[in-house]
Amino acid sequence: MEGSITHPTVAASASAFSPSASASSPSAAAGSSDFLQLRIGEAPAGGRSVWLARELRRAIADGRLPVGSRLPATRVLAADLRVSRGVITEAYRRLTEDGQLAGRGRGGTVVVAAPVTTAAKGAVSTPYAHRTAGATAAPSAPPSAAPSAAPSAVPSTSPSTSPAAAPSAAPFAAPPGPEIFDELRAAPARIDLSPGVPDLSAFPRTAWLRAERSVLAGLASTELGYGDPRGTPALRLAVVNWLARNRGIRADPDEVLIVAGTAQALGLIAQVLHQDGIWEIAVEDPGSLGARQHLRHWQLATPPVPVDDDGIRVDALRASGARAVLLTPAHQFPTGVVLGGGRRRELMRWAADGGLIVEDDYDAEHRYDRAPVPALRSLLPEQVCYAGSVSKLLAPALRVGWLLPPPKYRKALVEAKRFADLGNAALPQLVLARLMESGELERGLRLLRRRHRRRRDAMIAAIRDRLPDATVHGAAAGLHLTITFGRDGCRASDTDLAAAALARGVKVQPLSWHSQRPSPPGLVLGYAARTADEITEGVAVVGEALTRIGR
């Protein structure tokens, strides 16, 4: 993290603007720095690292620290401000986790991302724009674009008092339709606590580029033509090895079908079930609204089956008469429960009677306080259609996932994939295979687990302080927490609470969106993509919103 300032606009001599700040006046210079005109005396006692991180965020947001500029060496700034080096290191670490800074070895600590302040209607926006040093800034969005204040530009005043923190709560004004997630992603917010998004700032750009260069250097011309609709042999082999190492699944590469994420997998499965005369697939309740929408788009009914502390109620599944069921057994969405051993045995008996299990293993790798649980596919390969993806491991934008169908449906699913798109793009598959086989993906996962654990702990602490009446569910694993409120904890609906939070600049999802049957009010809160400071403030805003609309 060592470096020096090279950009001419980053710092100016204090003596050029203030005669009292000359080098001959030790008392004036003590605890201050020419760099951004920082004065440590303005920091609250016990909060110097947080204060410094906030000042750096503001400087990046307003352009005083443009992308490509280098920060002072930690020892230099510590000496200037008369603080321990640990204060500076901690502040730099916070912004590095935020994705705004990056250590470049002897190149120092460099600003690598600046806030995005506009987002086109309907577009999926990211909180920061990443550019290489010296790159030209992207053109501004048209005037009609909705403003989206970045997390780094958090004002010091209460969010409810800032006009900029009062976006429309329209996404919660009516029952969620097919476009609801597009609308919610496009809604401006200072702090986005939506579930289901990993830390996108941790995407291994350097490793990806290195793998891409290596793949292209050795790629034969013939490999640029149409390929196998099942996916490239290299990725299918890499997926088999990954699942064997991480999920206990033994399979052959010929059993793997590469798809454009779990969303496409559900669409292909729905089409094949129709061909087999199956017109409904039972789903967990509460369960993913997005998965339910995809299945219904393909004309499958989704009868709800209740979930309790041991997972799906298999007795209720039998009573439903459904011949297929969609499950998230390793970390149920959104409650976070793990399918218990007794329930697994019941489910295996149900499947042995002719039932089909669609296993969505969507974030099983992200666990913190418990041992891994085996995938159902590893126990019952003949009756389980297993789906996974890299959306929670790397980024949803890659649109790469995999299916391991049971033998009965394997040929039909390959045909459905062939006529959907002739197969996924080959180059990203080959690069991903290289990352999987080189160990880069596992190294990145270990880093993410440590980071996500800290952020989860920050969210739990904030909920304890700001939402003392809430009950936390699913803390042992995953990328989100679910909270529920008792009878007196939230007298308003959870959609009203989510709307009130969004009006104050914080984005959350109401639990009722993911429930088909009546359920207690609650929220689903993602923590993986936000820093600890943002999480703490976001939960505080939710607490304020709850107080305003009435407990």
Side-chain angles (χ1 to χ4, degrees), residues 178 226-232 235-236 239-240 243 249 251-285 287-305 312 314 317-329 347-362 375-377 379-389 399-424 516:
Y226 293 104
D228 191 328
R230 295 175 299 171
T232 64
L235 182 56
R236 286 188 280 129
V239 167
V240 163
L243 294 177
I249 296 174
D252 187 271
D254 286 341
E255 299 176 55
V256 177
L257 175 61
I258 302 301
V259 292
T262 304
Q264 186 183 49
L266 293 177
L268 299 178
I269 290 168
Q271 296 172 58
V272 168
L273 291 183
H274 273 200
Q275 296 169 12
D276 197 32
I278 297 175
W279 300 95
E280 64 177 11
I281 180 168
V283 297
E284 299 162 315
D285 193 61
S288 168
L289 169 63
R292 199 163 69 241
Q293 288 179 330
H294 279 281
L295 293 168
R296 288 179 175 175
H297 173 78
W298 292 103
Q299 308 304 312
L300 277 183
T302 57
V305 179
I312 193 168
V314 183
L317 174 60
R318 284 188 180 276
S320 75
R323 296 166 55 191
V325 62
L326 172 64
L327 299 178
T328 51
L347 191 64
M348 291 171 70
R349 289 192 290 270
W350 173 84
D353 292 336
L356 173 70
I357 300 168
V358 178
E359 180 177 16
D360 180 2
D361 210 23
Y362 75 103
L376 292 176
R377 168 76 188 200
L379 307 173
L380 201 64
E382 299 295 312
Q383 296 300 132
V384 174
C385 187
Y386 178 91
S389 81
R399 309 311 308 138
V400 178
W402 44 82
L403 268 179
L404 274 68
K408 177 180 180 180
Y409 293 116
R410 190 172 301 147
K411 181 179 179 181
L413 282 166
V414 172
E415 288 183 357
K417 174 64 175 175
R418 176 184 293 112
F419 291 111
D421 55 18
L422 296 180
N424 280 36
Q516 297 188 72

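Taking every heavy atom of both residues into account, E280 and P303 meet most closely at OE1-CG, 3.8 Å. Contact record, A412 with Q275: CB-OE1, 4.2 Å, taken as the closest heavy-atom pair. A pairwise comparison of heavy atoms in P407 and P381 identifies CD-O, 4.3 Å as the closest pair. The nearest pair of heavy atoms linking V259 to W402 is CG2-N, 3.7 Å. The two residues I357 and L376 make their nearest non-hydrogen contact at CG2-CD1, 4.0 Å. Among all heavy-atom pairs drawn from R292 and G287, the shortest one is NH1-O, 3.6 Å.
In this structure the side chain of D276 never reaches within 4.5 angstrom of the side chain of L356, judged on heavy atoms. The shortest distance between side-chain heavy atoms of L422 and P229 does not fall below 4.5 Å. Taking 4.5 Å as the limit, some side-chain heavy atom of D361 sits within range of a side-chain heavy atom of Y386. A heavy-atom distance below 4.5 Å is not found between the side chains of I258 and T232. Contact of the E284 side chain with the I312 side chain is registered, since non-hydrogen atoms from C-beta on lie closer than 4.5 Å. Side chains of V414 and K411 form no contact here, defined as non-hydrogen atoms less than 4.5 Å apart. Side-chain contact between R236 and D254 is present, with at least one heavy-atom pair separated by less than 4.5 Å. Within the 4.5 Å cutoff, no side-chain heavy atoms of V325 are placed close to those of V283.
Panel note: side chain Q516, backbone V305; no donor-acceptor pair is recorded below 3.5 Å. Listed for the H297 side chain is no donor-acceptor partner under 3.5 Å among the backbone atoms of G267. Looking only at distances, no side-chain donor or acceptor of T262 sits under 3.5 Å from a matching main-chain atom of A265. Checking side-chain atoms of R377 against main-chain N and O of V384 turns up a donor-acceptor pair under 3.5 Å. A donor-acceptor pair is defined here as one N or O able to donate and one able to accept, closer than 3.5 Å; no such pair exists between the side chain of Q271 and the backbone of A416.
The CD atom of Q383 sits 8.5 Å away from atom CH2 of W350, with the distance rounded to the nearest 0.5 Å. Distance check, rounded to the nearest 0.5 Å: OG1 of T302 to CG of L326 gives 10.0 Å. L243 contributes atom CG, which lies 5.0 Å from atom CD1 of I249 (distance to the nearest 0.5 angstrom). A distance of 5.5 Å separates CG of L413 from SG of C385, quoted to the nearest 0.5 Å. Once rounded to the nearest 0.5 Å, the distance linking CZ of R230 with CG of N424 reads 14.0 Å. With rounding to the nearest 0.5 angstrom, the CG atom of L380 is 8.0 Å from the CG atom of L347.
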For a side-chain contact (heavy atoms from CB on, under 4.5 Å) check, start with the C-alpha distance between L268 and V272, then their side-chain angles and the critical distance, and finish with the verdict. CA-CA 6 Å; L268 299 178; V272 168; 5.6 Å; no
Candidate pair L327 and D360, rule side-chain contact (heavy atoms from CB on, under 4.5 Å), full reasoning: CA-CA 6 Å; L327 299 178; D360 180 2; over 6 Å; no
With side-chain contact (heavy atoms from CB on, under 4.5 Å) as the criterion, how do L403 and I269 come out once you've worked through the C-alpha distance, each side chain's angles and the decisive distance to 0.1 Å? CA-CA 10 Å; L403 268 179; I269 290 168; 3.9 Å; yes
How far apart are the C-alpha atoms of W298 and H274, what are their side-chain angles, what is the distance that settles it, and do they pass the ring pair (Phe, Tyr, Trp, His ring centres under 6.0 Å) test? CA-CA 9 Å; W298 292 103; H274 273 200; 8.4 Å; no
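Across K417, H294, R399, a single residue satisfies side-chain hydrogen bond (donor to acceptor under 3.5 Å, both in side chains) together with Q264, and that is K417.
By the side chain to side chain donor-acceptor pair (under 3.5 Å) test, D252 pairs with no residue at all, sequence neighbours left out.
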